[in-house]
Each structure stands twice: as structure tokens, then as C-alpha cells.
Amino acid sequence: MDASVKKIPSKSGKLFVAAIDFGTTYSGYAFSLKHDWTKVLTNVWSGGSLVSNKAPTSLLLKNDYSEVLFGYEAEDRYSELSSENKHQDFYFFQRFKMILHEDISVRRHILCEDMSGKTLEAGVVFLHCIKYLKTYLQEEIQKRFLNTKEEDIEYVLTVPAIWGDKAKMFMREAATKAGIKKEDLTIALEPEAASIYCQYLQMAQQDPSSESLGVVKPGTKYMVVDLGGGTADITVHQKCEDNTLEEVLPASGGPWGGKSVDDQFMKFLSELMGESVMADLKKKHMEDHLEILRTFETKKRTIKPNKEGVTNMVIPHVLFELCKKYHGVKDFKEVIERNELHRNNVKFGQGKLKWENKFFRGFFKKTIDSIVKHMDELFQEDAIQNVDIIIMVGGFSECLLVQDAIRKNFDKKSIIVPEDAGLAVVKGAVYFGHVPDAISRRSARYTYGIQTWPEFRPGFHLETKKVNVRGSLRCRDVFFKVITKGEKIMPGYMKSQIFQALNSQEKCLECGVFISDQKNPTYVDEDGCRLLGVLQVPLSADGKQTTCEIEESLIFGETELRFKAKDVYTGVQREVIFDLLKD
């Protein structure tokens, strides 16, 4: 490690940087002091028992919000309510973060379904989770450092890099409503945070002999494979001469986290016992349903790649009672014997389901195959032909089956799973709050452009796009490109365009901002193009100006897209409204 790196000062204007890692399966937080920023405190969860220093992303809400619980406390309380049939006045949410995965469907009032099928606005669910984590975080800081004030803390909230701009805005709004001031909040991209953590790991350990990934030399490229509960988030970084990181490829991935393994297991149980049985279990016996999930989570973490033998799993007695009710069987063995699909794959004895380990590992196959296939496709890209290092981070990366598959499929690469891989994101997010310029260049995920109506050019523009606007022939729906997909952009990179209001008395100038999966789209209604949102710039129609020209600027290169608008004639900065979440 270069000696100069050890002297990097925190660039935060606050005494503390605190990160909230809002995960699909588990959530947690961490913080550090400005003067000793590489010493990150993570063993600080006060909301019940710990799993890898985190708590389950489970939320219990009473209908009137008079009772709010998170983590294991929420699970235990809801189990208690369900067993006493007193849960009707409560919502119970688990593993709901993936509702924001498909960016095109994200809206401000999107609904989130709880475990019983009831719905509530997702914004309410997210804000209560963030608020709960924030409250415990503040209490922990107060306990350790007396007289700490709210204004002493800068917050960092993590999101998957493969999420779109709408999902990021949704999370920012939820955090703001949860009590975090807009100016005190930074959004961090999960694989970036993990990559930063890996770069500064040696600093934190103060141990030059420890394995620090071998990627600290300028010019080295490496792939970051961030595997969480919900998503696989993959990107490629290069170390620059100034010790910052450059994104070589835009983040990509899919819904291939630990939850997708759980989904395969629950699908198996539904096939074995019937959907009616599993639905009844979930509706009337929540305590037993949660116990099945917890038990599977334990088995999921201990299964090994090549170990022969059998995996046993205790199942609640109520499952047999439900099978007896719905299928008229005399015992659970009969349930298996009647099932043509799985009678050769599973056995039952002494209250336990028993699988050959080879079959049990099959629950992971679809998820792992998807991860490996996507990584293989990325390695076909010219830009990363010389990448020889793969860094695996995130809770699901600790799964030995995943590690084994990646090592076997990429046996010529150096595979590194750093210490505390499951905490790499939350710790790295703290580092990012202290050194926000650690990522010096990002790669545009999409082509960004603005909808324009230029003068119609015969033979160049489509005839079907020709329109007459007050005697002038115009071409509608033209995609005016601002940023090209894959383009390298530095934080704060600004692109501006001047727009003129067609009527000087207009109260608002509107401009549609579009994104495209193609590098050179021509029209905004082509395949792969979609409306990101509409920029709205309020105008002062005082009648003194015959024309009104506004310079609209889009600011790229950061974790979130920003905008500015300026009156060309007066130089006055205009307010910009860019609501991506409007229904």
C-alpha cells in the first residue's frame, strides 16, 4: 500500500459518517468518526439477535402505526399475534425490497404486499424501516459519544447499482420522510461501496501482510461481484494513478440473490404438499411458516459443494395436519408416495424431511447458473479481456456453493472473498461518505437524451414524423442525445441545452428526458427507449420578454442524476422539478 494512501483525510463536513445498508434479506448499519474514519463500528445492532451483524429486513406495522417493530422483534411479535389470532390489525412485511428492481414500474404510490396479502403503499413501508434503523443508529452513537447531535451525522444509504434513477429517487424520498435531511444524505451504489472497502481494507487492518486483494496497483482491473439477498450486482473497476477507481463497465446483473434460492425451495414445498397447504400455513400458522424459512436459511449457509450424505430438516407438525385436511392422507409418508414429481427426491422420518445432498444443492442451481452465465457474457467484452481478478462480496457470496461454482468456471482467474464479505457494502458505504471522490469516473448505464422537435429535413427524417407547428415544418419525437451508453463520465459532468418557450406567456417549460439501451437512438419511441421523466421549469410570464430561453443542464457522473436551469437573459437560476415517480 502506498504510504500516501494511509494519510487520506476524511472529506466529510460532519463528525460522523453513518451508513444504512437496506438489504432484501438483512439490513444493518455502521459508522465511524471523521478523525479515525477507517475504524468502522458494525457490532452495534440493538434490535434483537444478530446474524452477521445485521437483522432480518422484517417490518411489523399496526394499522394505525401505533406499534412498529423491525428485525427479529417484528418476526417474533407477529408469530405471537398469529398464534393468538390477533394479527388482523397488523401488517407484516418481509423481503420486499425487490419491488423496486424493475425501474419501469416504480411509482410514488406503488403498493407493497404483506405476508397475508394485504397491501400498503411501499413508501410507507420503506420509510418506517429506514426510520427504525436510523433511530437505533443514533441511540448507539449517543451511547458511545455523549452530546452527539443530529447535525453531527452524515448519512449514506446503499442501493444496488443496477437500480434505475426512479428507484434511487424513491429511496431518497423515503429516507427524507424518515427524518434524514436531504443535504445530509448521500446515495451509495452497493458494488462501488464494496470495492472502496476492499481498497481501504489494509488501512483499516493496519496489517501489510494481510491479503488486500492485490488490486491496489494503478492500472489493475478487477470484477466486483456483489451478491446480496435480492440481486447480483456486477461491475468492473480499474485502479487509477491517483488512487481513485474508474468504472470500466456499467453495472449489470439480475434478481439472482439468496432470495431466489429460497423461492426455489418454497416452490418445491408447494409442489410436494400443494399450494393450498402452503397458503393456509402462511395465513393461519405464521410462526411455523417463519420457522421453516429460518431453518432453511441455516441449512443454506452450511451446505457444502461435494459432501455426500443427507440434509435433514425438521418440519412443523401442523404441515401434516394441513396435508391430512386437504389430501386425506394418513401420514406424511403418504404425501410423498402420492407425489409423482418428488417421491424419489425426498424422504420422511422422525419428523424430518430428508434429501440427498446432491438434490438439495439443486435449489441453488438456477440462481448460480444465472450468475455464472452473466459473468461469462461480461468476460466476452473487449474492455475486460485482461481482467484476472474477481472479488466476491455480499452475504450470498459467503455461500460455499457459489464460491465453488465461480472458482470452477473461472479457474484461470484469481477469486478473492475478503474478510467480512457480508459487511463489505455497509463498511464501504461509510468509507464512501468520507471519501466521496473515491470513484473518479463512471460508465453511463444508458444513453440519455431529450425529446426535441427540430426543423424537418426531407430524406433524413421519417415522413410520418413531419408536423406543422404554426406554419413551420417540424420533426416530432427526435432523440437529442446528451450522454452515450458506456461513455466515461466524471462526477459533476454537465451537459446543457437551450430551450425556448413557444409562447412567452407560458407558465412552465416542459422537456421530456428519455433513456435508451441503444447507443444511437434516433426517435424517442424506438424499441429500447423509454421516458425517464419530464423536466418542468416554472416561468415568470410578466410580459416583459418577447421570448423566454432557458438553459437546462443535466449533471452526470454521480450516484444520482441532477439538474439545473438558468434564464439565458437574466442569468437567474430557475427551480427544476423532475418527478420520476409520478403515477
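Hydrogens, waters and symmetry mates are skipped; everything else that's a heavy atom, side chains included, is used.
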Close side-chain approach of [X] and [Y], heavy atoms under 4.5 Å:
X: L378; Y: V236; value: no
X: R530; Y: D517; value: yes
X: L561; Y: Y448; value: yes

Residues in ring-ring contact (aromatic ring centres under 6.0 Å, His included) with [X], at least two apart?
X: F170; result: F126
X: F93; result: Y91
X: F364; result: none

[X]: partners by salt bridge (charged side-chain N to carboxylate O under 4.0 Å, His left out), with sequence neighbours left out:
X: E192; value: R442
X: K307; value: none
X: R343; value: none
X: R441; value: E246

Looking at OG1 of T447 and CD1 of I483, how far apart are the two atoms once the value is rounded to the nearest 0.5 Å?
9.0 Å
Working to the nearest 0.5 angstrom, can you tell me the gap between K221 NZ and L245 CG?
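Result: 13.5 Å between the selected atoms.
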Donor-acceptor side-chain pairing of [X] and [Y] below 3.5 angstrom:
X: T244; Y: S440; value: yes
X: T484; Y: K481; value: yes
X: E247; Y: S443; value: no

Could you tell me whether K373 and D369 make a salt bridge, using a distance below 4.0 angstrom between a side-chain N and a carboxylate O?
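No, no charged N to carboxylate O under 4.0 Å.
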With sequence neighbours excluded, residues passing side-chain contact (heavy atoms from CB on, under 4.5 Å) with N339
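Here the qualifying residues are L272, L341, H342.
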Among residues two or more places apart or on two chains, list those pairs meeting salt bridge (charged side-chain N to carboxylate O under 4.0 Å, His left out) that have a residue in residues 8-35.
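Residue pairs with at least one partner in residues 8-35: K11-D437, K14-D184, D21-K54.
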Scan residues 224-264 for pairs that pass ring-ring contact (aromatic ring centres under 6.0 Å, His included), counting only residues two or more places apart or in two chains.
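ring-ring contact (aromatic ring centres under 6.0 Å, His included) check on residues 224-264 returns W256-H374.
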Please tabulate, for side-chain N and O atoms in residues 381-393, each donor-acceptor pair with protein atoms closer than 3.5 Å (sequence neighbours left out).
residue : atom : partner : partner atom : Å
Q385    : NE2  : F379    : O            : 2.8
Q385    : NE2  : Q380    : O            : 3.3
Q385    : NE2  : E381    : O            : 3.0

Those residues at least two apart in sequence (or on a different chain) that pass side chain to side chain donor-acceptor pair (under 3.5 Å) with E75 are S58, Q94, R294
Working note: Y446 + D165, criterion side chain to side chain donor-acceptor pair (under 3.5 Å); need CA distance, chi angles, decisive distance, verdict.
CA-CA 11 Å; Y446 305 108; D165 295 288; over 6 Å; no
